[in-house]
Amino acid sequence: MAHDARDKYGVEITSLAAMGVSGMMHGYIALDENDSLLVPFRTWRNTVTGEASAILTKELGFHIPQRWSAAHLYQAILNGEEHTGRIKYLTTLAGYIHYRLTGKKVMGIGEASGMFPIDSAVRDYDAAMLEKFNALAASKGFDTDIKDILPKVLVAGEDAGTLTKEGAALLDASGNLREGVKLCPPEGDAGTGMTATDSVDKGTGNVSAGTSVFAMVVLENGLKAVHDELDIVTTPDGSDVAMVHCNNCTSDLNAWAGLFGEFAKAAGAELSADRLFGILYNKALEGKKDCGGMMAYNYFSGEHITGFEEGRPLFVRTPDSSMCLADFMRTHLYSSLGALKTGLDILFKEEGVSVRRIMGHGGLFKTPVVGQKILAAAMNAPVTVLDTAGEGGAWGIALLASYMVSGDKDETLGAFLDRAVFGRMTGTTLEPDADDAAGFDAFMERYRAALSVERAAVESVR
């Protein structure tokens with residue numbers, strides 16, 4: 001950023017009005033009394049906490065996903081991992097970097113809600129569930145109060161500390177950046193994604209589609225039942241959100257695009273990434289609505305929504321399917337959203353949740369129209385993509401930092417975003433095509449039926 005400012009404007013950055021840290025959501029960073037990392041960072045793709053997730057969900061009466069910090073901690077306790085007795089601070093990637101920059105052990109409420117369940121009425125960790133967790137952990141020999149090692153919960157707009165001299169040096173080796181910059185509460189890419197798409201008010205929703213994919217809908221009312229496929233988190237200002245999170249989205253799609261790009265280069269036609277993806281994605285729109293007998297699973301890692309702790313990227317087709325590029329690319333675009341649609345069908349069809357606006361953002365939408373059209377078919381709902389749709393977490397946390405220093409403490413985050421940011425934004429809205437939606441539903445019937453093929457691949461391909 002400093003180089004960009006210097007090159008474009010001839011300005012050296014020495015201070016900023018405010019800043020913030022966005023990071024990969026949730027996971028497990030355990031530090032000892034010397035702030036040393038006790039075990040390697042465990043991410044949302046380390047799907048090794050199935051036992052803990054199941055026990056905590058049952059005992060707390062609240063779905064605890066495998067990627068949540070509480071699940072990672074309890075699984076480590078169940079495993080008898082020696083390091084658990086030496087934990088002095090438990091945080092996530094965004095919280096860790098924020099701590100290094102400010103010295104403050106705090107967390108934005110949206111990211112905190114992926115560490116441990118939040119009581120949105122008091123905007124803090126759920127006290128009753130903390131007690132239940134402590135009792136369960138104590139029965140396994142863990143005698144630390146979990147609240148003592150969790151970061152303090154902050155909501156959007158609150159002061160989360162200032163950049164220290166050491167933090168400034170960590171960011172800027174040139175020494176130009178000075179200490180004292182205000183920081184907003186750190187958030188994971190779920191919270192910044194909601195902010196980046198103006199999706200923090202009740203009845204709004206967004207889908208972030210990149211390496212992973214997740215859909216978030218801000219709830220008007222609570223859900224009727226606990227679903228393993230649906231997580232309850234919060235917006236950065238503390239409202240309850242139903243979240244469908246999937247570990248895999250565009251990684252396999254990108255790998256296939258890379259293969260086609262390699263072929264193009266070998267044939268003497270070196271293409272830019274934008275041109276390559278534009279050709280391949282737009283070709284998918286020419287494919288059969290149900291993909292014509294082709295099937296793919298994009299599982300680089302496990303996928304909890306469909307019951308996998310490991311994954312194997314897989315492509316298979318019926319002998320009479322036409323091996324054409326259009327159907328092939330449409331198959332991989334559908335597959336990138338296949339696990340997500342599994343959860344969305346529960347949210348919309350079983351729970352009857354309604355949403356008045358869905359915003360799409362992330363790498364899947366960088367090619368105009370195509371990803372948006374596929375998502376509209378998956379959700380059978382209109383999808384809006386703004387001109388900033390490819391920006392993601394850094395854009396979202398910048399908006400949260402701006403909100404913190406906006407000056408009007410009575411203005412809600414949603415009102416601030418509407419007034420100061422998104423009122424000037426332009427974008428496009430696509431209604432779902434009925435044939436596309438029916439084709440996606442037909443594809444999903446075969447997707448669910450062929451999961452046994454993916455399971456055989458996990459068991460057999462080593």
Side-chain angles (χ1 to χ4, degrees), residues 25 44 63 65 67 189-190 193-194 197 199 202-233 235 240-250 253 289-291 296-299 303-308 330-362 364-365 371-385 429-434 436-449 451:
M25 70 174 74
W44 46 267
H63 180 225
R67 69 185 184 282
D189 46 14
M194 284 185 276
T197 54
S199 302
K202 293 180 180 180
T204 64
N206 80 94
V207 172
S208 173
T211 305
S212 65
V213 61
F214 51 88
M216 312 191 73
V217 175
V218 188
L219 297 173
E220 301 274 3
N221 302 293
L223 299 183
K224 294 175 286 188
V226 175
H227 300 274
D228 287 345
E229 299 86 354
L230 303 178
D231 311 338
I232 302 299
V233 292
T235 63
D240 283 337
V241 175
M243 179 180 190
V244 181
H245 179 275
C246 307
N247 291 344
N248 303 279
C249 185
T250 60
L253 192 58
K289 302 295 187 182
D290 65 353
C291 301
Y297 294 96
N298 62 336
Y299 296 1
E303 194 58 79
H304 71 281
I305 284 185
T306 48
F308 286 83
R330 193 177 191 100
T331 297
H332 283 282
L333 280 165
Y334 276 11
S335 175
S336 69
L337 300 177
L340 182 77
K341 183 165 172 57
T342 302
L344 289 174
D345 284 348
I346 294 170
L347 183 64
F348 295 141
K349 295 178 182 179
E350 293 186 25
E351 284 286 344
V353 170
S354 61
V355 59
R356 67 176 184 272
R357 185 180 72 209
I358 290 289
M359 308 289 281
H361 69 117
L364 185 67
F365 305 106
Q372 185 179 4
K373 187 175 177 64
I374 296 297
L375 179 61
M379 303 190 77
N380 200 18
V383 174
T384 298
V385 173
T429 300
L430 285 182
E431 297 289 333
D433 179 275
D436 284 345
F440 209 136
D441 284 341
F443 173 85
M444 286 302 298
E445 288 184 20
R446 291 187 289 110
Y447 182 95
R448 288 186 284 268
L451 282 168

Met194 side, atom CE; Asp189 side, atom CG - distance, nearest 0.5 Å: 10.0 Å
Has Tyr334 got a side-chain atom pairing as donor or acceptor with Lys289's backbone, closer than 3.5 angstrom? yes
Checking Glu220 now: which residues fulfil side chain to side chain contact (heavy atoms under 4.5 Å, CB included) with it, not counting sequence neighbours? Lys202, Arg356
Judged by atom type as modelled, is there a donor-acceptor pair below 3.5 Å linking the side chain of Ser208 to the main-chain atoms of Gly193? no
Restricting to pairs with a member in residues 438-448, which pass salt bridge (Lys or Arg N to Asp or Glu O under 4.0 Å), not counting sequence neighbours? Lys341-Asp441
With a 4.5 Å heavy-atom cut-off, do Asn380 and Phe440 have their side chains touching? no
Just do the side-chain contact (heavy atoms from CB on, under 4.5 Å) check on Leu230 and Leu347 with the steps written out, would you? CA-CA 8 Å; Leu230 303 178; Leu347 183 64; 4.1 Å; yes
Indicate yes or no for a side-chain donor-acceptor contact from Asn247 to the backbone of Glu303 under 3.5 Å, with no hydrogens or angles considered. no
Carefully, step by step, assess Thr197 and Ile358 under the rule side-chain contact (heavy atoms from CB on, under 4.5 Å). CA-CA 9 Å; Thr197 54; Ile358 290 289; over 6 Å; no
Can you find a heavy atom in the side chain of Asn248 that is under 4.5 Å from one in the side chain of Tyr297? no
Between Tyr299 and Thr306, a side-chain donor and acceptor under 3.5 Å: yes
Quick one, Met379 and Val207 - any side-chain contact, counting heavy atoms below 4.5 Å? yes
Note: Val355 and Gly205 closest approach over all heavy atoms is CG2-N, 3.7 Å
Hey, does Leu364 have a side-chain heavy atom less than 4.5 Å from the side chain of Ile374? no
In the structure I gave you, are the side-chain heavy atoms of Leu375 and Phe365 within less than 4.5 Å of one another anywhere? yes
Ignoring hydrogens, what is the shortest heavy-atom contact between Ser212 and Cys246? Give both atom names and the distance. CB-O, 3.3 Å
Do any N or O atoms from the side chain of Gln372 and from the backbone of Val383 form a donor-acceptor pair under 3.5 angstrom? yes
Identify the two heavy atoms, one from Ala339 and one from Ile305, that lie closest to each other, and give their separation to 0.1 Å. O-CG2, 3.6 Å
Smallest heavy-atom separation, Pro432 atom then Pro382 atom, equals CD-N, 3.7 Å
His63: partners by side-chain hydrogen bond (donor to acceptor under 3.5 Å, both in side chains), with sequence neighbours left out: Asp231
Write down the atom of Gly210, the atom of Thr250, and the distance for their closest heavy-atom approach. O-OG1, 2.7 Å
Here the pair of heavy atoms bringing Glu229 nearest to Gly343 is CB-CA, 4.4 Å
Is Val244 close to Val217 at the side-chain level, that is, under 4.5 Å between some pair of heavy atoms? no
Is there a donor-acceptor pair under 3.5 Å between the side chain of Glu351 and the backbone N or O of Lys224? yes
If only atom types and distance count, is the side chain of Thr384 paired as donor or acceptor with the main-chain N or O of Met359 below 3.5 Å? no
Show, in sequence, the C-alpha distance, side-chain angles and deciding distance for His361 and Asn206, and conclude whether the side chain to side chain donor-acceptor pair (under 3.5 Å) test is met. CA-CA 8 Å; His361 69 117; Asn206 80 94; 3.3 Å; yes
